[in-house]
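In this text, all values refer to a predicted model and were calculated from it rather than measured experimentally. Chain letters run A, B, ... following the sequence lines, proteins first and then strands; every chain starts at 1. Computed from heavy atoms alone, side chains included, the values below leave out hydrogens, waters and symmetry copies.
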Amino acid sequence: MRTRLRIEAAISAYLSEHEIVPSSAWLVELPKDRSNGDYASNIAFVLARTLKKSPPVIAADLATSLPAYFKDPAWQGIQIVAVNGFINFILPATVCWQALQDETFAKGDESNPERILLEYVSANPTGPLHIGHGRWAALGDSLARVLKRVGHSVQTEFYVNDAGNQIDKLLASVSAIKAGKPVPDDGYGGAYVKDLVDEADPIVALMKLQENTLRDFRVEFDTWTREKETLHDTGLVQKSINELKQKGIAYLEEGALFFRSTDWGDDKDRVLVKSTGELTYFAADIAYHQQKALRGYDRLINIWGADHHGYITRVTAGIKALVGDTPILEVLLGQLVTLLRDGVEVRMSKRTGDMVSLQEVIEEIGADAARFFLVIKNADTHLDFDLDLAKKQSNDNPVFYVQYAHARICSILRKSEQKPLVHPALDLHPTELKLLKFLLSFEDEVILAASRREPHRIANYLIELATHFHAFYHDCKVNVEDQAMAQNRLAICLAVKRILAEGLELLGITAPESM
RNA sequence: GCGCCUGUAGCUCAGUUGGAUAGAGCAACGGCCUUCUAAGCCGUAGGCCGAACGUUCGAAUCGUUUCAGGCGCACCA
């Protein structure tokens, strides 16, 4: 059982035995300052009004009563102290050892597993991917890994917009070059376009290009869905439109067909078929989301750039109109990335070809550093990605700091002549104990990263774990004469190695054996 | 004008389902390699959490207002 849940259960048992009903939600959490304890609860604050006593008094009562609710052998020796109204729980090392030896530690903890379709990147096949796509790729792939780890069933999808205006323009540009004519003003003039003239199918070639870049970035999709063959050639877009007409939520006005999205809270109704007879991109998008919904998921998660914010309401309206309330559409917005060179913004334009591709970034600084840089910041803060800085910093980049901890452990293991073995009775050095306990909070971070869709938490956790390990390395020599101590410390090293490797795996970053 | 995001140390950012003295890295300064990788460790310094008011026992966190920056408000994709 998860450590936090075990503590919550004890408090709940106490409450129900004493027939106390809290007036609002209480929780057991990781204290901001770990020196206060390993876990803490605010229950005394919540009960203050109900019991008409001050939080410190209630906390003191609970602190003396609660130990009786931890009878399990491993929990013997738990310290429960009341400070300023908080109840702090200081765990015995045996609880940590027990949790860490469990194969399912920090895995599959989701109480409501869902079938999720996660769609991300979905770049137009009109050019190479750039750093912005890289952010969605790093974010989406890590999120998929995190969601799977806690027990959701996740399928990832890349939607290929291979129909419409931009595609026509690209093909026109390729034809123009082939015919020795200049590229049209609104066409694509990037160097890569010239390489497409010999391709039988330039779109497929560009998809391959994007797929290869993503593979170099360690991002692979379960499915690639092509708009043209899946939605247009099959007549599914028209079918969706017809359904809307039949339901009376699409109407003709001034020669255009409108979808009454205002029925679902949109600002204005949206055009499905232009007065010219052309379908809008939105029409295809509605059909696409209807199809996704019909494939049987509980939830559709899309990662979009913040510039697509305005689309959420109308696409949600489309799903509700055609399918209903399930699946839920959840859109994660990420703020855009500005690529800087020497502190100066590099304008990104596929049309002019003035861009630095994701492929180039990966080749310059490596997939590990690039992924870490792109995923470490909260997705809703704007990201300045300075190429020169990233290159320059490659030596003191946090990703190396974390990887170095892993490599150091591997080195220790290679030199060791002992077998790791836990000696629960052994006294631990304070730094050692801190490290051991910090390992335990991995499960809470993973849960949080999953439920809030925030993979950057994993990156921050790993940096902190590496910090604890490096301090341990400094304070506690592992390969010492004392056999029991050496075995114990080796066991800690193995546990740290495992969590570092699993955490890095969640971010799609390698865990090197040596550096 | 309306909507969304951001504003925390010199710089880059954590911390935001309300909680304990607001944290880290980089940059600055000072220590630590006869000891398992110094890509490391330890210490010093650095803050009216953009501003104001409000809710609360308690606010960086919630509400209102306001200032600054970014992004959207198409019969474009």
Asker: Using Watson-Crick or G-U wobble geometry with both distances below 3.5 Å, tell me the partner of B:C73, or none.
Answerer: B:G1
Asker: Scan side-chain atoms only and decide if A:Gln166 and A:Asn124 contain a donor-acceptor pair under the 3.5 Å cut-off.
Answerer: no
Asker: To the side chain of A:His474, which of B:C41, B:C4, B:C75 is closest?
Answerer: B:C41
Asker: For A:Asp263, is there an ion pair with A:Lys320 - N to carboxylate O distance below 4.0 angstrom?
Answerer: no
Asker: Take atom P in B:G25 and the same atom in B:A45, then report the distance between them in whole Å.
Answerer: 15 Å
Asker: At under 4.0 Å between heavy atoms, what does A:Tyr473 touch on the DNA or RNA strands: base, sugar-phosphate, or nothing?
Answerer: base
Asker: Looking across every strand, which nucleic acid part, if any, lies under 4.0 Å from A:Ala306 by heavy atom: base, sugar-phosphate, or nothing?
Answerer: sugar-phosphate
Asker: Any strand counts, and the cut-off is 3.5 Å on both contacts for Watson-Crick or G-U wobble. Which nucleotide pairs with B:G25?
Answerer: B:C11
Asker: Tell me whether the centres of the aromatic rings in A:Phe259 and A:Tyr251 are closer together than 6.0 Å.
Answerer: no
Asker: Given that both distances must come in under 3.5 Å, which nucleotide forms a Watson-Crick or G-U wobble pair with B:C48?
Answerer: none
Asker: Roughly how many Å apart are B:G15 and B:U8, using the C1' atom of each and rounding to a whole number?
Answerer: 9 Å
Asker: Could you check which nucleotide pairs with B:A68 in any of the strands shown, counting Watson-Crick or G-U wobble with both distances under 3.5 Å?
Answerer: B:U6
Asker: For the side chain of A:Asn302 and the backbone of A:Val331, is there at least one donor-acceptor N/O pair under 3.5 Å apart?
Answerer: no
Asker: Would A:Tyr281 and A:Asn165 count as having a side-chain donor-acceptor pair, cut-off 3.5 Å?
Answerer: no
Asker: As a test of reading the structure: which of B:A39, B:C36, B:C75 is closest to the side chain of A:Phe258, going by heavy atoms?
Answerer: B:C75
Asker: Does a side-chain N-to-carboxylate-O contact under 4.0 Å join A:Arg34 and A:Asp38?
Answerer: no
Asker: B:C4 C1' sits how many Å from A:Leu333 CG, rounded?
Answerer: 8 Å
Asker: Just how far, in rounded Å, is P of B:C75 from CZ of A:Arg260?
Answerer: 17 Å
Asker: Measure the distance from NZ on A:Lys415 to P on B:U35 and round it to the nearest whole Å.
Answerer: 11 Å
Asker: Using OP1 and OP2 only, check whether a side-chain N or O of A:Tyr401 sits under 4.0 Å from B:C41.
Answerer: yes
Asker: Rounded to whole angstrom, note down the C1' distance from B:G50 over to B:U61.
Answerer: 16 Å
Asker: Can you tell me how far C1' in B:A60 sits from the matching atom in B:U17, rounded to whole Å?
Answerer: 16 Å
Asker: Does B:U16 pair with anything, Watson-Crick or G-U wobble, both distances under 3.5 Å, and if so, with which nucleotide?
Answerer: none
Asker: Partner lookup for B:U55, please. Criteria are Watson-Crick or G-U wobble with both distances under 3.5 angstrom; report none if nothing qualifies.
Answerer: none
Asker: Can A:Glu157 and A:Lys292 be counted as an ion pair, charged N to O under 4.0 angstrom?
Answerer: no
Asker: What contact category does A:Gln403 fall into here, base, sugar-phosphate, or nothing, at under 4.0 angstrom with non-hydrogen atoms?
Answerer: nothing
Asker: By nearest nucleotide on RNA chain B, pick out whichever of A:His470 and A:Pro31 is the more 5' one.
Answerer: A:Pro31
Asker: Quickly work out the A:His308 NE2 to B:C71 C1' distance and round it to whole Å.
Answerer: 12 Å
Asker: Can you tell me, in whole Å, how much space there is between the C1' of B:A14 and that of B:A9?
Answerer: 13 Å
Asker: For A:Asp475 and B:U35, give me the distance from atom CG to atom P, rounded to whole Å.
Answerer: 17 Å
Asker: Centroid separation under 6.0 Å, is that true for the rings of A:His470 and A:Tyr401?
Answerer: yes
Asker: On a whole-Å scale, what distance lies between the P atoms belonging to B:A22 and B:C49?
Answerer: 10 Å
Asker: Would you mind classifying the nucleic acid contact of A:Ser514 as base, sugar-phosphate or nothing, using non-hydrogen atoms under 4.0 angstrom?
Answerer: base
Asker: Rounded off to whole Å, could you give me the CG-to-C1' distance for the A:Leu490 and B:C36 pair?
Answerer: 10 Å
Asker: Hey, what's the ring geometry for A:Phe442 with A:Tyr461, parallel, tilted or perpendicular (30° and 60° as the breaks)?
Answerer: tilted
Asker: When the P atoms of B:C62 and B:U16 are compared, how many Å lie between them, rounded to an integer?
Answerer: 10 Å
Asker: Kindly say whether A:Leu27 contributes a backbone atom to a donor-acceptor pair with the side chain of A:Ser41 at under 3.5 angstrom?
Answerer: yes
Asker: Under 4.0 angstrom, heavy atoms only, what part of the nucleic acid is A:Ala405 near: base, sugar-phosphate, or nothing?
Answerer: nothing
Asker: If a protein heavy atom is under 4.0 Å from the base, mark B; if only from the sugar-phosphate, S; if neither, -; do that for nucleotides 7-19 of chain B going 5' to 3'.
Answerer: -----SSSSSS-B
Asker: When the P atoms of B:U56 and B:G3 are compared, how many Å lie between them, rounded to an integer?
Answerer: 27 Å
Asker: Describe the nucleic acid contact of A:Cys476 in one word from base, sugar-phosphate, nothing, applying a heavy-atom distance below 4.0 Å.
Answerer: base
Asker: If you check every side-chain atom of A:Gln335, which of B:A39, B:C5, B:C4 has the closest atom?
Answerer: B:C5
Asker: In terms of base orientation, is B:C42 syn or anti, with the syn window spanning 90° either side of 0?
Answerer: anti
Asker: In terms of side-chain heavy atoms of A:Ala471, which of B:C41, B:C4, B:C36 is nearest?
Answerer: B:C41
Asker: Look at the side chain of A:Asp307 against the base of B:C71 and say whether a donor-acceptor pair falls under 3.5 Å; ignore hydrogens and angles.
Answerer: no
Asker: Below 4.0 angstrom from OP1 or OP2 of B:C76, is there any side-chain N or O of A:Lys274?
Answerer: yes
Asker: Where each residue is assigned the nucleotide of RNA chain B containing its nearest heavy atom, which of A:Ser35 and A:Arg314 is assigned the position nearer the 5′ end?
Answerer: A:Ser35
Asker: A:Glu513 CD to B:C36 P: how many Å, rounded?
Answerer: 20 Å
Asker: So what does A:Ala40 touch, heavy atoms closer than 4.0 Å: a base, only the sugar-phosphate, or nothing?
Answerer: base
Asker: When you measure from the side chain of A:Asn165, which nucleotide among B:G40, B:C76, B:C73 comes out closest?
Answerer: B:C76
Asker: Rounded to whole angstrom units, what separation is found between the CG atom of A:Asp33 and the C1' atom of B:A24?
Answerer: 14 Å
Asker: Tell me whether the side-chain N or O atoms of A:Thr276 pair up with the base of B:C75 as donor and acceptor below 3.5 Å, since no angle test is needed here.
Answerer: no
Asker: Ignoring backbone atoms, establish whether A:Arg408 has a side-chain N or O less than 4.0 Å from OP1 or OP2 of B:A39.
Answerer: no
Asker: Hey, is the main chain of A:Thr510 close enough, under 3.5 Å, to the side chain of A:Asp368 for a donor-acceptor pair?
Answerer: yes
